[in-house]
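Note sheet for the following structure.
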Amino acid sequence: MSGGASRRGAWLAWVVQALLVLAVVAGAFWVVHHALEVLRARGVRSGFDFLAEPAGFSISEGWLDFDASQPFWRAFVAGLINTVRASVPAAIFSVVLGTLIGIGRLAPHVLLRGICTAYVELLRNVPLLVQLLMLAFAMANLLPDPTEPLRLLPGVWLSKGGLSVPWPASGEGGWWPTHFEWPEKGDFGVSGGAALSPEYVTIVAGLSFYSAAFVAEIVRAGILSVSQGQVLAGQALGLTSVQQLRIVILPQALRVIVPSLTNQLLSLTKNSSLAVAVGYPELVSVANTTIGSNGRAFECIAIIMAVYLLLSLVISFGMNRYNARVALRGWR
Amino acid sequence: MKSRFRPALAAAASVVALAAAAPAFAGKTLDAVKQRGTVKCGVTNGVAGFSAPDTQGNWSGLDVDTCRAIAAAVLGDPKKVDFVPLNSQQRFSALQAGEIDILARNTTWTLTRDASLGFNFTTITYYDGQGFLVPKKLKVTSAKQLKNATICTQSGTTNEKNVSDYFRAQNIPVKTVVFESFEASFKAFFSGRCQAFTTDASALAGLRNKEAPNPDDYVILPELISKEPLAPLVRRGDDEWFAIAKWVPNALIEAEEFGVTQANADDLKANSKDPGQQRLVGTGEDLGKLLGLDKDWSFRAIKAVGNYGEMFERNVGPKSVLKLPRGSNNLWNKGGLIYAPPVR
Amino acid sequence: MRNVAQGPIAWRSELWGSPLRALATVVLIALLAWGGFHVIEWGVVHAVFRADAEACRAVQHGACWGVVAEKWRPMLFGRFPYEEQWRPAIAVVVLSAVTVLSAWPRSWRWWLLPLWAVALLLFVLLMRGGALGLHAVPTSRWGGLPLTIGLAVVGLALAFPLALLLALGRRSGWPVVRTLSASYIELVRGVPLISVLFMASFLLPLLWPAGWQPDVLVRVLAGLALFVAAYLAEIIRGGLQAVPRGQTEVAMALGFGRWPVQRDIVLPQALRLVVPALTNNVVGTLKDTSLVTVVGLFELTGALGLALGGDPTWRPFYLEGYLFIAAVYWVLCFGLSRYSVWLERRLASAPT
């Protein structure tokens with residue numbers, strides 16, 4: 001192309017891009033402005049000032065004690081802590097279980113292969129929501145009544161109210177735990193100690209089993225991607241199957257596994273938002289309750305989106321660091 | 001023009017077009033209803049006695065009858081109602097957005113809802129209170145004995161807040177387990193997850209009779225821990241529709257006061273000499289004109305659903321599934337709280 | 001591991017070849033037998049197949065398949081008016097037929113797109129009515145299986161053009177376009193679908209001039225399409241990246257313009273490369289439609305809640321209801337993933 005035409009072409013490109021930026025920014029402003037106007041015309045109050053007001057509802061479980069007199073922002077923090085509290089164990093379980101099942105799918109034993117394949121195909125093709133609802137239903141009907149709990153071990157009780165275990169507790173006004181608090185069987189059930197509620201067990205188990213099916217596929221694809229030559233060399237060196245897996249195959253498979261695994265972990269974190277359907281009070285559930293009590297839909301949804309974006313960024317960042325470590329040097 | 005510029009210009013053009021559409025405020029609801037030919041009534045997903053569908057999809061209940069009365073008054077036909085089931089998260093935004101004309105969904109009238117959501121509450125159709133349902137085998141006779149009990153309730157309702165307030169005031173520790181839907185919360189209670197269930201006492205009666213595996217195994221505790229006046233709501237800024245939504249139920253209450261029933265309305269229309277009755281059946285002064293309706297607005301409403309007493313008997317009274325006594329919901333001159341400003 | 005012999009002859013040595021394997025076989029067979037025995041006992045032997053609630057309650061350790069016999073219509077069709085339920089049934093058949101037809105690569109001719117348009121039109125006409133003598137049924141009454149399939153199909157159809165734009169935009173030479181596309185994709189991929197559905201359901205009405213209400217279904221479709229587009233865009237981008245640069249260079253050298261190169265040469269190859277990932281996404285979208293229950297549209301999962309929730313006679317038998325809809329989902333999703341394997345093999349062996 002001649003010099004004049006390309007210069008003109010480049011200049012035109014920048015003008016159009018500048019106009020595009022202007023259009024997007026103007027569009028965003030207009031959207032917000034219009035929405036606020038409509039809300040104002042309807043007499044609906046908006047703004048983030050509600051975060052400082054007392055919430056008026058309580059959150060029944062979690063690491064952060066929350067009762068009705070505390071402000072809304074603390075409710076959201078408690079919800080976020082509950083999200084993390086459910087996602088992290090689920091992530092660990094699903095990776096462990098998924099790896100085992102993925103390896104099992106490639107085992108030299110037809111029954112084992114069949115069972116693992118059946119697991120993967122069964123759980124991957126049914127929506128997570130349906131699986132969670134089924135688990136919740138099973139929990140509600142199979143566990144014993146809270147007034148007649150099952151004593152598994154001294155101090156460990158299992159009932160519809162949850163699994164109660166002894167937990168360190170601090171004395172009056174102290175910070176550090178001074179003694180163990182043992183769960184006691186009362187009139188209404190087991191109180192004291194720490195309890196894993198059925199809702200918590202449902203969401204962690206549901207997420208773990210579901211994600212494990214996907215992790216199994218990812219691990220299987222990773223193992224299959226290791227070139228045959230490596231496997232044969234390992235066999236020739238006299239390594240057992242387990243040693244081959246551990247020393248030769250898995251480290252190389254990790255390169256293929258880690259990016260897909262990142263995606264899957266992000267997906268698991270976002271799927272924890274379904275806990276609202278089984279009664280576990282995590283972030284989306286808290287936001288739902290808030291919307292129901294003061295109508296601030298826009299603000300609450302914006303908070304949910306911002307928090308999940310932050311979580312996704314943190315997980316992506318962490319996994320990318322790990323990915324960099326397992327990547328082949330010089331191939332990055 | 002070069003093809004790559006077209007998408008950008010299209011985007012710019014559409015933004016300008018959208019900006020030009022000025023945010024016009026909601027037109028008059030009455031005109032919209034008349035034009036559409038139906039009243040859009042927001043109701044529950046299925047609360048026995050207030051708004052519940054049968055397997056064929058036919059709705060019945062106290063709130064359903066209120067909407068039918070309004071449709072009869074405005075459009076002449078009580079069947080011209082479109083019932084929109086809403087869960088407790090969507091109910092307010094649906095009304096705000098204009099998806100429904102009136103929300104008759106056993107909603108409690110509170111200051112927060114009145115002042116910050118942009119709504120007006122119309123006539124109170126049921127004076128309720130919040131109570132507890134417990135299994136008899138727990139041998140609990142009062143809510144104050146519920147120390148360390150687990151209580152199931154629905155999230156985002158006044159019920160949740162009231163339970164927190166009550167037990168904090170009594171200094172009794174309890175654990176609440178909240179579920180998103182009403183159905184999930186009472187399912188959890190009946191399956192044994194919680195020792196007590198709390199919601200409006202009117203709903204408790206229906207639940208026990210309809211949903212419990214064995215109704216005699218459960219008892220409603222005597223305490224009513226809050227006031228729950230249930231009233232339909234409409235959007236702010238439309239005084240005309242607000243007046244109609246308020247005065248149709250008022251007319252039904254007056255009808256019970258003056259002895260006008262579904263059965264005798266025609267007869268009274270032909271023969272009554274009582275000015276109070278005449279106003280209600282459309283032979284007295286034309287009050288409908290002042291509301292934007294015609295003369296027979298209250299007559300049609302009464303013919304459609306009966307007076308307040310008949311509505312009550314049919315849906316929640318002793319002969320219905322709920323078997324609730326009139327109690328506070330009796331007329332003011334019979335010892336209750338139901339009092340309508342005079343229709344004149 | 002890949003060189004292991006296949007087939008029943010190999011199984012003998014796999015199962016009984018060594019003491020460890022024999023032990024594993026015995027243990028697994030024992031477990032399977034115990035589990036299988038209990039499942040068959042519960043699901044077939046003691047089960048009640050008639051629509052009889054009394055019989056169901058009387059039987060303690062048996063499944064109550066009668067709940068499916070009694071309630072399959074509200075479960076599959078939601079709140080659609082009872083007498084008109086033949087309409088959604090035909091609508092589902094129409095859409096499924098066109099989908100199955102499109103599954104054959106031989107049918108990828110010029111007439112496929114117009115055929116899809118006709119099928120979609122027929123679907124909307126059957127569901128909505130209001131013309132040709134059919135009663136009008138508002139979209140709030142649509143539900144069950146037709147809604148699941150309709151949402152998935154229309155959502156994907158709407159998302160695909162947007163995804164193409166985003167994928168091309170993210171690879172564009174213009175920094176502004178690239179940044180905008182990348183930001184949109186990363187933003188949407190970082191948030192859960194529930195929040196996008198809430199956003200669409202609560203906030204879209206605020207943007208329209210009040211007085212004109214967008215339908216609930218329209219809002220949910222908009223949210224779903226915007227969400228799926230971001231994921232599809234990443235898949236398409238992966239495909240675009242995998243097409244060798246040589247293709248573009250040769251085409252440009254031959255005198256093709258920039259846009260025809262993308263349209264006629266790069267895109268077809270890119271899409272062919274990512275067929276498995278695309279079908280994975282289709283399966284995922286089908287499963288994601290179960291979430292619209294939280295914004296008030298009663299697709300298959302929500303319709304189950306409606307069918308059993310309001311009916312105390314049948315409510316104890318929720319498990320059988322769940323198993324029924326899980327089976328429906330499983331058939332659809334497993335079918336799609338098997339199809340994807342078949343298609344991948346077929347495309348790999350066919351000349352490009």
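Just so it is clear: chains get the letters A, B, ... in the order the sequence lines come, proteins before strands, and each one is counted from 1. All of these numbers come straight from a predicted model, not from anything done at the bench.
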Inset, instruction - Side chain from CB out, backbone as N, CA, C, O: work out which of these in L319(C) comes under 4.5 Å of a heavy atom of chain A, or both, or neither. - result: both
Inset, instruction - Go through the atoms of V283(C) and report whether side chain, backbone, both or neither lie under 4.5 Å from a heavy atom of chain A. - result: side chain
Legend entry - Close side-chain approach of L226(C) and Y184(C), heavy atoms under 4.5 Å: yes
Legend entry - Set of residues satisfying disulfide bond (SG atoms under 2.5 Å apart) with respect to C300(A), sequence neighbours excluded: none
Inset, instruction - Name the region of T301(C), side chain, backbone, both or neither, that has any atom closer than 4.5 Å to a heavy atom of chain A. - result: side chain
Legend entry - Engaged part of S337(C) at the chain A interface, taking heavy atoms whose separation is under 4.5 Å: side chain
Inset, instruction - Heavy-atom distances under 4.5 Å only: say whether F298(A) touches chain C with side chain, backbone, both or neither. - result: both
Inset, instruction - Under 4.5 Å heavy-atom distance to chain C, tell me which part of I115(A) shows up: side chain, backbone, both or neither. - result: side chain
Inset, instruction - Could you check which of K270(A), Q131(A), E121(A) has the highest count of heavy-atom pairs closer than 4.5 Å to chain C? - result: K270(A)
Inset, instruction - Measure distances from I29(C) to the heavy atoms of chain A and classify the residue's part below 4.5 Å as side chain, backbone, both or neither. - result: both
Legend entry - Side chain, backbone, both or neither of L112(A) within contact of chain C (heavy atoms, under 4.5 Å): both
Inset, instruction - Check whether any side-chain heavy atom of N125(A) sits under 4.5 Å from a side-chain heavy atom of Y329(C), and report yes or no. - result: no
Inset, instruction - Identify which one of V126(A), L135(A), L133(A) satisfies the side chain to side chain contact (heavy atoms under 4.5 Å, CB included) criterion when paired with Y322(C). - result: L133(A)
Inset, instruction - Please confirm whether the backbone N or O of Y308(A) pairs with a side-chain atom of S312(A), one donor and one acceptor, at under 3.5 Å? - result: yes
Inset, instruction - Start with the C-alpha distance between E282(A) and S273(A), add both sets of side-chain angles, then the distance that settles side-chain hydrogen bond (donor to acceptor under 3.5 Å, both in side chains), and finish with yes or no. - result: CA-CA 7 Å; E282(A) 48 76 60; S273(A) 59; 5.9 Å; no
Legend entry - Residue selection (most heavy-atom pairs with chain A, distance under 4.5 Å) from A24(C), S195(C), G173(C), A327(C): S195(C)
Inset, instruction - State whether the side chain of Y119(A) and the backbone N or O of F209(A) hold a donor-acceptor pair below 3.5 Å, judged by distance alone. - result: yes
Legend entry - Any side-chain heavy-atom pair of L304(C) and F324(C) under 4.5 Å: no
Legend entry - Region of L32(C) that comes under 4.5 Å of a non-hydrogen atom in chain A: side chain
Inset, instruction - Count the heavy-atom pairs under 4.5 Å between each of L274(A), I291(A), T269(A), L311(A) and chain C, then report the option with the highest count. - result: L274(A)
